[in-house]
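Working notes, structure below.
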Amino acid sequence: MPTILNATEVTVRYGERAILDQATLAIEEGERIGLVGRNGCGKTTFLRILAGLQTPDAGEVTRRRGLVVGYLAQDFALEEEQTVRESVRAGAQHVLDLIAEFEALPQASKRHEELEHRIHALEGWTLDNRLEAALSHLNCPPEDRKVATLSGGEKRRVALCRAIVSRPDLLILDEPTNHLDPESIEWVAEFLEHFAGTFLVVTHDRYFLDRVTRRMVELSDGRFFSHDGGYTDYLLARAERQAADAVLEHKREMFLKKELAWVRQGPRAQRSKQKNRFERYYDTAAQEGPVIEEDVELCIPPPPPLGNRVLEVTRLGVTLAGRRLFRDFRFSFEKGQRVGVVGRNGVGKTTLLRVLMGGLTPTEGTLKAGELTCFNYVDQGRLQLNDERTVLEEIADGTEFVQWGEAKLSLRAYLKRFLFTDDRISTRVKHLSGGERSRLLLARILKHGGNFLILDEPTNDLDLSTLRVLEEALMAFPGVVLVVSHDRYFLNRVCTDILAFEDSGRIVHSVGDYDYYLEKKRRAAEAWLRGGATAASPHRAAAPLPGAADVKPAKPRKLTWSEARELEGMEGRILVTEAEIARVEGLFATPDFHRQHGARTEQLADELKAAKAKLVQLYARWEELEAVRLASEKPSAG
C-alpha cells in the first residue's frame with residue numbers, strides 16, 4: 001500500500017529530556033493503528049506533529065499531496081458561540097468549501113466535473129444525514145444548544161462528531177472513548193471498522209483496541225516499536241521482544257565480566273590484537289542495556305475492618321425534576337465484592353453513588369450502613385489541582401505522613417509508589433504531563449483510606465500500565481469496591497458483580513464480569529424473541545413422512561441427571577475460565593514480564609490460546625443444554 005505520511009528521525013526535547021528521540025514511523029493507506037505508551041512518553045506531542053499543529057525540534061514529516069487530516073485532541077477547543085450543529089458541521093469545512101465552489105460554477109465547467117467526483121468520494125452529498133446519525137448515536141445534546149452551555153463530557157462527544165463526519169483521509173483520535181457510554185463506544189467501533197480511510201488512535205480501552213486495530217505501535221524511550229495485530233497480539237509480541245532483549249543483555253554482561261577479568265590482569269596493549277580487544281571491551285561497556293520501565297506501585301492504604309453489615313439497600317428509588325431515574329433497587333453489599341455499575345450516560349449512575357454514600361436523600365426506600373463502614377469516593381471530576389503548588393505540597397495537606405494501617409509512610413515514599421521521582425516531587429503541578437496529573441490525583445484521593453471504595457470513571461486519562469496496576473490494587477483490596485466504568489476490559493478484569501441500568505429504571509444484578517452479563521442479556525433477549533415458538537435446537541428437524549400427519553410429535557427429551565448437573569455448574573466453569581484468561585493476559589501486560597516469565601513465553605501463549613478455545617466450547621455447550629431445557633419445559637399445545 002502507498003505511504004500517505006512519513007515521520008523521519010523526529011526529535012522533540014523538553015529541557016534535557018527527549019520524549020521523541022530520532023523516532024521514525026511510516027503510515028500506509030488504509031492502516032488501522034493503535035498507539036500505546038506511558039502517559040508523558042510523547043504520544044500527544046507526536047499526534048500534534050502529525051496533525052500539523054506542532055513542529056519537531058529535528059527530523060521531518062512528509063505527507064501525501066492533498067492529504068486531509070481529521071484530529072480529535074484531548075485538549076480540543078470549540079467555538080463557544082456556535083450551536084452543536086454548527087460546531088460539528090464546521091469539522092467538514094473542506095467539504096462545505098468544495099460544495100460551495102461546485103454550486104457557484106457553471107455546469108459546463110471542467111472544474112465542475114472534478115469537484116463532483118471529489119465531493120462524491122468524500123460522501124459530501126450525505127453530510128447532513130451522517131451528521132444527524134453521529135449526533136444521535138453518540139448521545140450528543142440537542143443540536144440547537146450553544147456550545148458554551150455544554151458540560152465537559154458533552155463537549156467531548158461533540159468534538160468527536162466533528163472529527164469523524166468529515167471523512168478525512170487520515171483520522172487521528174486521542175482518547176475517543178472517554179466519557180462515552182457502552183452503546184456510543186460500540187457505534188464508534190463500528191464506524192471505524194467500516195471507515196474507508198486510515199486512522200491512528202490512542203486509547204486506554206484495550207477491548208476497543210483489540211477490535212478496531214490491525215497494527216499496534218508502542219512509543220517507549222523516545223522510539224517506536226511496531227507489532228502486527230491488535231492489543232492482545234501486541235502483548236505477546238512485546239513479551240517476546242523483551243525476552244530477546246534480556247538474552248542479548250545477559251550475553252553482553254557475560255562478555256563484560258569475562259573481559260573485565262582480563263583487563264584487571266593488566267595486559268600491555270601494544271600488540272594490535274590486544275588493542276582491538278581493549279577497544280571492543282570499552283565499546284561494549286559504553287552500550288546501554290534495554291530500558292526497563294518502572295511500574296506504579298499503586299497500593300491502596302490498608303482499610304479498617306468491616307462489620308457483619310456493610311450496606312443494605314431496600315426498595316431504593318430516586319426521582320429528580322419529575323424524571324424517575326431508578327426504582328425498587330434492592331441489594332446487600334458484602335465484604336470482598338467488587339461491583340461494576342454500567343449503563344448509558346444520564347441514566348443515574350453517579351446519582352446512585354451519591355445516594356449510597358448518604359450525600360443525596362432517596363425518593364423512596366431505605367439504606368442501612370454498618371457502623372464500621374467508611375466510604376472513600378473518587379469522583380468523576382476528581383479534585384482541582386493548584387498549578388502553582390509542587391507535587392509534594394498538593395499531597396501534603398499539612399501532614400508529613402500517610403497512615404498505612406497501624407504504621408505511617410512518609411509522603412515522599414508514598415509518591416514514589418506513583419512513579420514520582422525526587423525531581424518530579426519538587427516540580428510544580430503546571431509542568432506535569434496529563435498522566436502525571438492523573439496519578440497525583442489518585443495519590444491524593446486514595447491516601448484517605450476507607451473500607452468501601454467508590455470510583456466514578458477511574459480509567460479516564462490513565463495509561464495502560466497504570467490501569468493494569470490499578471486493577472491489581474483493586475483486586476487485592478480486602479474491603480468493598482463499587483466502580484462506574486465504560487471500560488469493558490477493566491470491568492471484566494476487576495468485577496465480581498455487575499449492576500446494570502436497564503429500561504424503565506430497573507437496576508439488574510448479575511454475578512460475574514461484564515462479558516458474562518452481556519451474554520446472559522443476549523440469551524434472555526433471544527428467548528423473549530422466540531416467545532411461543534419452539535426453542536432453538538442445534539439440529540434441523542427432519543421433514544415429516546407422507547401420511548404421518550396424524551402422528552403426534554415426539555415428546556421433547558429432558559436433560560439427563562448428569563446433563564442437569566453439568567448445566568448447573570456451567571456458569572461457574574465459564575467464570576473460572578474467564579478468570580484464567582484475565583490472569584494470563586495480566587502476566588503478559590507486566591513491564592518486567594521477560595525477567596519473571598520470559599522462559600515461559602511460548603507455554604503461556606499456548607495456555608492463553610487453549611483457555612480462549614475452551615471458553616468458546618463452554619458457551620456452545622451451555623447453549624446446547626439450555627435449548628434442551630427450554631424445549632422440555634415448554635407446555636405442550638393442546
Side-chain angles (χ1 to χ4, degrees), residues 138-141 150-157 177-187 204-205 207 311 313 315-333 337-365 367 369 375-382 445 452-462 470 474 480-518 521:
L138 291 178
N139 198 25
C140 287
L150 305 182
S151 68
E154 289 173 328
K155 286 181 179 178
R156 184 158 193 85
R157 292 195 290 277
T177 62
N178 278 3
H179 306 290
L180 297 186
D181 54 40
E183 289 80 2
S184 298
I185 293 173
E186 174 71 18
W187 186 84
H204 63 268
D205 191 324
Y207 182 86
L311 179 64
V313 180
R315 306 200 68 173
L316 199 68
V318 170
T319 300
L320 290 178
R323 178 185 165 216
R324 172 172 278 181
L325 296 180
F326 54 88
R327 59 183 174 82
D328 201 28
F329 173 51
R330 312 167 191 233
F331 195 71
S332 179
F333 291 92
Q337 280 185 321
R338 300 185 299 276
V339 184
V341 182
V342 299
R344 288 189 69 94
N345 287 332
V347 295
K349 301 187 297 296
T350 299
T351 299
L352 174 64
L353 302 188
R354 292 176 59 201
V355 170
L356 294 180
M357 290 184 300
L360 183 66
T361 303
T363 307
E364 58 194 37
L367 298 117
F375 296 104
N376 186 3
Y377 181 40
V378 182
D379 72 336
Q380 197 171 32
R382 309 279 173 83
I445 296 165
F452 196 123
L453 191 57
I454 299 180
L455 304 100
D456 196 354
E457 294 290 0
T459 65
N460 286 348
D461 304 319
L462 295 183
L470 174 61
L474 293 177
V480 175
V481 175
L482 180 64
V483 56
V484 172
S485 179
H486 298 142
D487 188 323
R488 186 166 175 172
Y489 196 103
F490 178 87
L491 291 168
N492 284 339
R493 188 141 190 250
V494 169
C495 294
T496 61
D497 300 78
I498 295 294
L499 294 176
F501 280 73
E502 294 190 351
D503 297 334
S504 304
R506 292 189 310 131
I507 302 178
V508 176
H509 172 229
S510 172
V511 176
D513 63 20
Y514 185 60
D515 275 356
Y516 185 49
Y517 157 72
L518 290 178
K521 184 179 178 182

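Side chains are part of it too, since the values below use all heavy atoms of this structure and drop only hydrogens, waters and symmetry mates. All residue numbers in this chain count up from 1 along the given sequence.
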Just by distance, do the side chain of [X] and the backbone of [Y] share a donor-acceptor pair under 3.5 Å?
X      : Y      : result
Ser485 : Asp487 : yes
Thr496 : Arg338 : yes
Thr363 : Thr319 : yes

### Query
Near Arg330 CZ, under 6.0 Å, is it more than 12 heavy atoms from other residues, nucleotides or ligands?
yes
### Message
Which label fits Phe329 and Phe326: parallel for a plane angle under 30°, tilted from 30 to 60°, or perpendicular past 60°?
### Response
perpendicular
### Query
Residues in salt bridge (charged side-chain N to carboxylate O under 4.0 Å, His left out) with Asp497, at least two apart?
none
#### Entry: Minimum heavy-atom distance between Gly348 and Phe501, given as atom pair plus value
O-CZ, 3.7 Å
## Note on the structure
Val318 and Pro362 have their tightest heavy-atom pair at CG2-CA, 4.1 Å
#### Entry: side-chain contact (heavy atoms from CB on, under 4.5 Å) between Ile498 and Asp513, intermediate numbers included
CA-CA 7 Å; Ile498 295 294; Asp513 63 20; 5.8 Å; no
### Task
Check the pair Trp187 / Glu183 against side-chain contact (heavy atoms from CB on, under 4.5 Å), numbers first and verdict last.
CA-CA 6 Å; Trp187 186 84; Glu183 289 80 2; over 6 Å; no
### Message
Aromatic contact between Tyr516 and Tyr514, with the criterion being ring centroids under 6.0 Å apart: yes or no?
### Response
no
### Query
Is NZ or CZ of Arg488 both nearer than 6.0 Å to the six-membered ring centre of Tyr207 and within 45° of the ring axis?
yes
### Message
Working note: Val339 + Val481, criterion side-chain contact (heavy atoms from CB on, under 4.5 Å); need CA distance, chi angles, decisive distance, verdict.
### Response
CA-CA 6 Å; Val339 184; Val481 175; over 6 Å; no
